[in-house]
Amino acid sequence: MFTTANPTGRGFDGSTGDGILLAEKTGAQTVDMEAIQLIPLRGGRLLNYVGGDIFVDSSGKRFVDESKGVKAIGEAYLNLPDRVFWVITDSQSQKSLDLDAKLLSGTVRMADSVAEMAKKMHVSPKVLQETLDRYNKFAELGEDKDFGKKIFTQKIDKPPFYFGREQFDIHYSCGGLKINKKCQVIGKESKPIPNLYAVGEVTGGIHGRDRLGGDSLIS
Ligand SMILES: Cc1cc2nc3c(=O)[nH]c(=O)nc-3n(C[C@H](O)[C@H](O)[C@H](O)COP(=O)(O)OP(=O)(O)OC[C@H]3O[C@@H](n4cnc5c(N)ncnc54)[C@H](O)[C@@H]3O)c2cc1C
């Protein structure tokens, strides 16, 4: 998996954990080291709101309540055997500003019919049509009988359809060095290590298992 600091794997990535390793050598304790935030940032997603798109797996079936937070969606993604998922919306939704760039780069594509979209996604047209028909019934009812989604802004039934493959990248390490309220790094016997302070992503324990969004920079 790549990190969002270096999404193509070709650039420089400073997210190396060196700060944690250095402090550990002085006896620092760590906390929540297994808690990593994954986000879908650079693929087929076009909407900055919930209710106008669906996510389907490589067989053309939905696999999650798309209105959930990134933690729940990320966990569902990790359970997909091939970790392939597609985002689908249609002409009615309010696209984000990067629509043109994503269309130009081919990250997002368009199709005039469900059959054409299925062909381009290499999924069964029958399965994809059934997925959309079922979802559109749920949108009409306001109730998702498969995954419990409750937020619907539209049906997905007006061509052209917009679709793109999405993926999760590693975005944030929620775990890190154990600190106290004075940002002193905690060492063995749970005592502060003299003159060692830590702030930022090198620290852990602030977020629990899911990051408090937007708190690292003034967004
Ligand atoms: C694409 C992207 C978008 C983001 N958007 C937001 C946002 O909108 N809002 C928000 O709040 N947060 C956002 N974040 C998260 C936020 O940017 C980081 O959590 C924050 O910058 C961490 O700051 P830091 O000073 O702790 O660490 P860093 O900014 O990672 O600084 C660590 C520094 O140490 C250097 N370094 C590493 N190893 C060594 C070594 N061995 N020797 C010397 N130097 C070393 C690195 O090069 C780096 O300069 C985003 C992150 C990414 C990747």
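Both ligands and their constituent atoms are indexed starting at 1 by order of listing. Small disclaimer: the values here were computed from a predicted structure and weren't measured.
Residue-ligand proximity, Ala5 to ligand 1, at heavy-atom distances under 4.0 Å covers atoms 53 (C). Below 4.0 Å from some heavy atom of Glu201 lie the following atoms of ligand 1, by number and element: 18 (C), 19 (O), 22 (C), 26 (O). Applying the 4.0 Å criterion to heavy atoms of Gly200 picks out, from ligand 1, the atoms 26 (O). Heavy-atom contacts of Thr16 reach the following atoms of ligand 1: 37 (C), 38 (N) (cutoff under 4.0 Å). Annotation for ligand 1: atoms under 4.0 Å from non-hydrogen atoms of Phe12 are 47 (O). In the vicinity of Tyr172, heavy-atom distances shorter than 4.0 Å reach the ligand 1 atoms 19 (O).
Residue Thr4 has no N or O atom closer than 3.5 Å to an N or O atom of ligand 1. The shortest N or O to N or O distance between Asp18 and ligand 1 is under 3.5 Å.
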Any chance you could lay out the side chain to side chain contact (heavy atoms under 4.5 Å, CB included) test for Thr107 and Arg42, step after step, and finish with the verdict? CA-CA 8 Å; Thr107 311; Arg42 62 187 168 109; over 6 Å; no
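Only one option out of Glu143, Lys68, Arg62 pairs with Lys149 in a side chain to side chain contact (heavy atoms under 4.5 Å, CB included); it is Arg62.
Formation of a donor-acceptor pair under 3.5 Å by the Gln29 side chain with backbone atoms of Gly187 is found in this model.
Outside the 6.0 Å centre-distance limit, the rings of Tyr77 and Phe63 are not counted as a close aromatic pair.
Shortest non-hydrogen contact noted between Gln94 and Leu47 is O-CD2, 3.5 Å.
Closest to atom 36 (N) of ligand 1 by heavy atom, among Gly176, Gly14, Gly19, is Gly14.
Contact annotation: Arg211 has at least one heavy atom less than 4.0 Å from an atom of ligand 1.
Salt bridge status for Glu34 with Arg209: present, with a side-chain N to carboxylate O gap under 4.0 Å.
A tilted orientation is assigned to the rings of Phe163 and Trp86, their planes being inclined by 30° to 60°.
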